[in-house]
*Asks:* 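Supplied in structure tokens, the structure appears directly below.
Note that the structure is a prediction, hence the values are computed from the model and not measured. Below, chain A is the first sequence line, B the second, and so on; all start at residue 1.
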There are 2 protein chains.
Amino acid sequence: MTETPKQTVPVERLRHGDLGDDLSFLLARANALSVSAANTALAAFDLKVRSYSVLALVVGDERPSQRELAEFLRLDPSQVVALVDDLERRGLATRLPDESDRRAKVIVGTTAGRELFAVARRATQRAELEVHSALSAKERELLADTLRRIAYPR
Amino acid sequence: MTETPKQTVPVERLRHGDLGDDLSFLLARANALSVSAANTALAAFDLKVRSYSVLALVVGDERPSQRELAEFLRLDPSQVVALVDDLERRGLATRLPDESDRRAKVIVGTTAGRELFAVARRATQRAELEVHSALSAKERELLADTLRRIAYPR
DNA sequence: ATAAATAATTGTGGAAATCAATAATTAAAA
DNA sequence: TTTTAATTATTGATTTCCACAATTATTTAT
């Protein structure tokens with residue numbers, strides 16, 4: 001029996017089918033790598049990309065309502081309830097009544113929330129830089145511009 | 001009571017915080033739009049991006065093992081079992097013994113699988129074109145090149 | 001004044017991710 | 001060669017995630 005040498009680069013050959021070069025698939029795979037790197041970096045702070053994203057949106061001075069968070073993050077409103085519950089329980093954000101609409105609640109980050117976000121942000125940016133290390137600063141800029149046109153259509 | 005005019009572009013202002021311009025976030029958002037467009041297009045064939053991806057990989061002549069599918073798609077091997085179970089039940093793919101390793105099973109698309117993939121592919125490509133309609137052909141090409149460097153590091 | 005729409009919330013069922021354990025087989029080490 | 005370790009597919013359990021329906025309070029439209 002002649003021995004077939006075992007491949008050391010296992011799935012290389014799968015890259016060159018209909019799928020491996022597909023733009024949507026590349027997008028999905030790049031995103032998967034990015035998300036898991038970010039989650040790894042955020043684990044130290046008991047955050048995931050979801051809760052980190054909410055935190056990022058509420059530590060500024062935009063004071064979004066839960067509905068706005070849901071819409072922007074493409075989440076079901078009920079998921080936002082759970083995410084805000086968690087942040088609030090941990091003292092990182094607060095629900096405030098919306099002065100102009102008593103149905104709505106405005107979410108604002110606390111001081112602790114802002115502080116945690118600051119350090120978590122450094123960690124995610126380090127991780128992100130790692131993921132995109134194959135690209136130059138200029139290429140990253142161009143990529144962001146291009147993705148922005150897809151991410152925010154119209 | 002003075003009335004505050006309701007905004008017609010609701011979350012526009014959230015785009016311009018720390019998050020909205022973040023490369024990883026843009027990647028995630030662009031991908032989310034792409035995935036949901038693809039899933040919508042694939043629903044007509046009782047496929048999702050997951051099962052479509054597996055189908056795409058097995059209708060070629062690479063004859064991947066389940067382990068290779070799992071690795072390439074970044075899935076747990078047990079999820080691949082379920083996906084292949086489904087395709088096999090529907091007569092779209094078959095498990096064949098790997099001649100050189102009797103632990104492994106090689107997955108090959110059936111004729112029906114190839115036919116379904118062909119039409120499903122047209123549908124997803126239409127949907128994809130829609131999602132990326134803000135980009136020219138040249139820009140799509142450049143985007144694919146850039147994403148490829150992130151998606152397949154080293 | 002009444003009706004319709006909206007914001008947050010709860011609960012629910014199904015999909016999916018994660019993890020441990022197992023049987024069969026192969027590869028590595030002694 | 002014999003034993004040991006690693007690998008492949010599989011099952012099952014656990015948890016998390018996601019999409020929906022229903023509910024309450026409030027606001028907007030008729």
Side-chain angles (χ1 to χ4, degrees), chain A residues 1 3-8 10-11 28 31-32 35-36 39-40 42-43 46-51 53-54 58 63-89 93-107, chain B residues 1-8 10-11 28 31-32 35-36 39-40 42-43 46-54 58 63-89 93-107:
Chain A
M1 271 270 154
E3 290 303 323
T4 314
K6 284 293 164 196
Q7 54 194 354
T8 65
V11 293
N31 180 56
V35 166
S36 71
N39 273 332
T40 301
L42 287 171
D46 265 293
L47 291 171
K48 302 186 186 172
V49 290
R50 279 293 168 73
S51 40
S53 299
V54 173
V58 304
R63 302 170 74 89
S65 70
Q66 295 188 194
R67 198 223 94 230
E68 289 174 313
L69 292 172
E71 183 175 333
F72 188 63
L73 296 174
R74 300 176 53 85
L75 296 175
D76 189 275
S78 62
Q79 296 178 261
V80 176
V81 171
L83 287 164
V84 173
D85 278 354
D86 178 59
L87 294 181
E88 198 168 44
R89 240 181 282 112
T94 330
R95 279 177 241 244
L96 296 183
D98 183 332
E99 302 297 342
S100 69
D101 184 343
R102 289 187 303 181
R103 290 170 303 182
K105 291 167 190 172
V106 150
I107 313 302
Chain B
M1 276 261 158
T2 54
E3 291 303 322
T4 314
K6 284 294 162 195
Q7 55 193 353
T8 64
V11 293
N31 180 57
V35 166
S36 73
N39 274 331
T40 302
L42 287 170
D46 264 292
L47 291 171
K48 303 184 184 174
V49 289
R50 279 293 167 73
S51 40
Y52 173 80
S53 298
V54 172
V58 304
R63 304 170 72 90
S65 70
Q66 294 187 191
R67 197 221 95 231
E68 290 175 312
L69 292 172
E71 184 174 333
F72 188 65
L73 296 174
R74 299 176 53 84
L75 295 175
D76 188 277
S78 63
Q79 295 179 266
V80 176
V81 171
L83 287 164
V84 173
D85 278 353
D86 178 58
L87 294 181
E88 198 169 44
R89 240 181 280 112
T94 330
R95 280 179 240 242
L96 295 183
D98 182 332
E99 301 296 342
S100 70
D101 184 345
R102 290 187 302 179
R103 291 170 302 182
K105 291 170 190 172
V106 149
I107 313 302

*Asks:* Could you check how far CG of Leu96(A) sits from P of dA7(C), rounded to whole Å?
*Replies:*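 Going from CG in Leu96(A) over to P in dA7(C) covers 18 Å.
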
*Asks:* Protein within reach of the bases, or only the backbone? For nucleotides 7-17 of chain D, mark each nucleotide 5' to 3' as B, S or -, using heavy atoms under 4.0 Å.
*Replies:* BSSBBB---SS

*Asks:* I want to check one thing: is the phosphate of dT27(D), taken as OP1 and OP2, less than 4.0 Å away from some side-chain N or O of Arg102(A)?
*Replies:* yes

*Asks:* Is any side-chain heavy atom of Lys48(A) closer than 4.5 Å to one of Asn39(A)?
*Replies:* yes

*Asks:* Of all residues at least two apart in sequence or in a different chain, which pass the side chain to side chain contact (heavy atoms under 4.5 Å, CB included) check with Ala93(A)?
*Replies:*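 Partners of Ala93(A) by the side chain to side chain contact (heavy atoms under 4.5 Å, CB included) criterion, ordered by chain and then number, come out as Val58(A), Leu87(A), Ile107(A).
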
*Asks:* May I have the distance from Leu75(B) (atom CG) to dC19(C) (atom P), rounded to whole angstrom?
*Replies:*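 It works out to 14 Å between those atoms.
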
*Asks:* Rounded to whole angstroms, how far apart are CG on Leu83(B) and C1' on dA15(C)?
*Replies:* 12 Å

*Asks:* Could you list the residues that satisfy salt bridge (charged side-chain N to carboxylate O under 4.0 Å, His left out) with Asp85(B), not counting sequence neighbours?
*Replies:*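 So Asp85(B) forms a salt bridge (charged side-chain N to carboxylate O under 4.0 Å, His left out) with Arg95(B).
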
*Asks:* Holding to side chain to side chain contact (heavy atoms under 4.5 Å, CB included), I want the full list of residues that pass it with Asp98(A), two or more places apart in sequence or in another chain.
*Replies:* Ser100(A), Asp101(A), Ala104(A), Val106(A)

*Asks:* Not counting sequence neighbours, which residues clear side chain to side chain contact (heavy atoms under 4.5 Å, CB included) with Thr94(A)? List them please.
*Replies:* Glu88(A), Leu96(A), Val108(A), Thr110(A)

*Asks:* Under the side chain to side chain donor-acceptor pair (under 3.5 Å) rule, collect the residues that match up with Asp86(B), sequence neighbours excluded.
*Replies:* Arg90(B)

